Amino acid sequence: MTTKPALAAVDDDAAPLTHHQLRELYTLMAVVRHLDTSAVAWQRQGIIPGYAPELGQEAAQVGSGYAVDRSRDFVFPTYREMGVARAMELDMVGYMSTHKATWHGGMYNPMESRFAPIQAVVAGSVLHAVGWAHGQTLSHPDGETGVAMTYFGDGASSQGDVHEAMNFAAVMKAPVVFFIQNNGWAISVPTERQVAGGSVAARAAGYGIPALQVDGNDVVAVYEATRSAFAHCRNGNGPVVIEAMTYRRGPHSTADDPGRYRTLEEERLDAGEDPLTRFKQRLLSDGVADEDFFAEAQRRAEEEVETIRTGIQDLGPRPGAEMFGLVFQEPTPSLQSQATAWREESEHV
């Protein structure tokens, strides 16, 4: 019989979310929803060449990102963590520059924002996160450390990199939170056809890592789970796995057609209640916010997104020579030859 590892008892005396914080969470979710749906429209209009939507995953992303201590922690995203980026107050024009194909990884400062460059390699960010987290244990052997949080999906969880990262993190007791957004689909393959047992969190026991499976459409539950996981890691207890159960309501990317592998009726039934509608009803019933607040939140979201759109359209191309200067510390002869040929053909020098 296998015993599931539990989170260590830690001194997590953080106060419950205030009414102001609850309203702030909704405001963030409203902005993320509007920016997400707008980005899909921008791709259709030719403003950006591609985008990976996150419709339905706003609670999972905003709730987890809101728990990050930006003075010491570090987040390692995939290409779908726009909501986390916004919750961490990134420059969203700089973030969206990757989707504009102006700059790979985002035109923002990772060290200042504590948000690593956007990672397009499936499961590629997990190894980076564990490496950074292990560095924390080496540089802070006697005190509280910063915590790394790495994001990936149920599909990416089947990559070998995830096994290596979890095993290394467990052995070295690295302070890292593996945050899985189980949105039900590995592109066109449903979770039950590619995750044995149907749960990524269940795999954590094999590494001796405690795991939390949380309702990924409940922003408060996600925040509280993430906060607890961070407290566990920060106190030297090693890594934690969080599996946020949610649903990808739209396509995998703007190049995907979900109608080829699921019907609109299946999508409606499987997706459950919309996370924004659900949180709005909670705030209304608890007397935390009224209809005027929600109207203002939507107005502000639209205003912010319009500013982002203008900023994206104003982005000019980067100098082409940069693609050669940022590869190796010491350029190889082959790279130098390619750079010379490119300049001769493109700049006529």
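These numbers were taken from a predicted model, which means no experiment stands behind them.
The CD1 atom of Ile118 sits 12.0 Å away from atom CZ of Arg80, with the distance rounded to the nearest 0.5 Å. In this structure, CD on Glu291 lies 5.5 Å from CG on Leu284, to the nearest 0.5 angstrom. Between atom OG1 of residue Thr246 and atom CD of residue Glu58 there is a gap of 8.0 Å, rounded to the nearest 0.5 Å. Put simply, OG1 on Thr145 and CZ on Arg234 are 7.0 Å apart, with the number rounded to the nearest 0.5 Å. Rounded to the nearest 0.5 Å, atoms OG (Ser38) and CD1 (Ile48) are 10.0 Å apart. Note that the NZ atom of Lys280 and the OG atom of Ser285 stand 12.5 Å from one another [nearest 0.5 Å].
A 4.5 Å side-chain heavy-atom check between Val177 and Cys233 finds at least one atom pair inside the cut-off. Looking only at side-chain heavy atoms (C-beta outward), Trp42 and His99 stay at 4.5 Å or farther from each other. The closest side-chain heavy-atom distance from Phe230 to Met149 is below 4.5 Å. The closest side-chain heavy-atom distance from Tyr151 to Ser125 is not below 4.5 Å. Ile242 places none of its side-chain heavy atoms less than 4.5 Å from the side chain of Gln213. Residues Leu35 and Glu304 fail the side-chain proximity criterion, which asks for heavy atoms closer than 4.5 Å. In this structure, Tyr51 and Met82 have side chains that are in contact, with non-hydrogen atoms separated by less than 4.5 Å. The shortest side-chain heavy-atom distance between Leu127 and Glu164 falls under the 4.5 Å cut-off.
Under a cut-off of 6.0 angstrom, the local environment of CZ in Arg193 is sparse, with at most 12 non-hydrogen atoms contributed by other residues, nucleotides or ligands. Within 6.0 Å of atom CG in Leu138, more than 12 heavy atoms from other residues, nucleotides or ligands are found, so the atom counts as buried in its surroundings.
Side chains of Tyr79 and Ser253: a donor-acceptor N/O pair is absent below 3.5 angstrom, by distance only. Looking only at atom types and distance, the side chain of Glu24 has a donor-acceptor partner in the side chain of Tyr66 under 3.5 Å away. Under the 3.5 Å distance criterion, with hydrogens and angles disregarded, a donor-acceptor pair is assigned to the side chains of Ser334 and Gln338. Between the side chains of Ser157 and Arg203, at least one donor N or O lies within less than 3.5 Å of an accepting N or O. Using modelled atom types and a 3.5 Å distance limit, the side chains of His34 and Arg300 yield no donor-acceptor pair.
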| Going through the distances and angles, do Val62 and Arg86 end up as a side chain to side chain contact (heavy atoms under 4.5 Å, CB included)? | CA-CA 8 Å; Val62 169; Arg86 180 60 187 83; over 6 Å; no

| Evaluation steps, side chain to side chain contact (heavy atoms under 4.5 Å, CB included), between Trp103 and Thr98 | CA-CA 5 Å; Trp103 184 257; Thr98 292; 5.6 Å; no

| request: Report the C-alpha distance between Arg114 and Val68 in whole Å, list the side-chain angles of each, state the deciding distance to 0.1 Å, and finish with yes or no for side chain to side chain contact (heavy atoms under 4.5 Å, CB included). | output: CA-CA 9 Å; Arg114 313 301 286 179; Val68 176; 5.7 Å; no

| Verdict with supporting geometry, Glu296 and Arg299, salt bridge (charged side-chain N to carboxylate O under 4.0 Å, His left out) | CA-CA 5 Å; Glu296 176 63 13; Arg299 186 196 67 76; 2.7 Å; yes

| request: Before giving the answer on side chain to side chain contact (heavy atoms under 4.5 Å, CB included), spell out for Tyr223 and Leu22 the whole-Å C-alpha distance, their side-chain angles and the decisive distance to 0.1 Å. | output: CA-CA 11 Å; Tyr223 167 78; Leu22 291 169; over 6 Å; no

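Applying the side-chain hydrogen bond (donor to acceptor under 3.5 Å, both in side chains) definition to pairs two or more places apart or across chains, those involving residues 172-188 are Gln57-Gln181, Gln57-Asn183, Gln61-Gln181, Glu81-Gln181, Asn182-Thr191, Asn182-Glu243, Trp185-Tyr247.
Residues Tyr26 and Leu283 come closest through the heavy atom pair CB-CD1, 3.8 Å. Val162 approaches Ala156 most closely through the heavy-atom pair CG2-O, 3.5 Å. Between Ile312 and Lys100, the closest heavy-atom pair is O-NZ, 2.8 Å. Nearest heavy-atom pair across Thr137 and Pro175 is CG2-CD, 3.3 Å. When every heavy atom of Pro275 is checked against every heavy atom of Asn217, the shortest pair comes out as CB-O, 3.7 Å. The two atoms that bring Ala244 and Gly216 nearest to each other are CB-CA, 3.9 Å, heavy atoms only.
Among residues two or more places apart in sequence or in another chain, the side-chain contact (heavy atoms from CB on, under 4.5 Å) test is passed with Arg282 by Asp218, Val220, Phe279, Asp286. Residues passing the ring-ring contact (aromatic ring centres under 6.0 Å, His included) test with Phe178: none are found, sequence neighbours excluded.
A tilted orientation is assigned to the rings of Trp132 and Phe74, their planes being inclined by 30° to 60°. Note: His134 and Phe168 have perpendicular aromatic rings, judged against thresholds of 30 and 60 degrees for the angle between ring planes.
Ring to ring, Tyr207 and His163 are close: their centroids are under 6.0 angstrom apart.
For Arg268 and Glu265, the salt-bridge test passes: some basic side-chain N is under 4.0 Å from an acidic carboxylate O. In summary, Asp36 and Arg249 do not engage in a salt bridge, as defined by a charged side-chain N under 4.0 Å from a carboxylate O. For the pair Glu224 and Arg227, the salt-bridge criterion is not met [side-chain N within less than 4.0 Å of a carboxylate O]. Under 4.0 Å is where a charged nitrogen must lie from a carboxylate oxygen, and between Glu267 and Arg248 no such pair does.
Linking Ile, Leu, Val, Met, Phe, Trp and Tyr whenever their side-chain heavy atoms come within less than 4.5 Å leaves Val122 and Phe76 in two separate clusters. Hydrophobic clustering, with ILVMFWY side chains joined whenever heavy atoms are under 4.5 angstrom apart, groups Leu17 together with Leu276.
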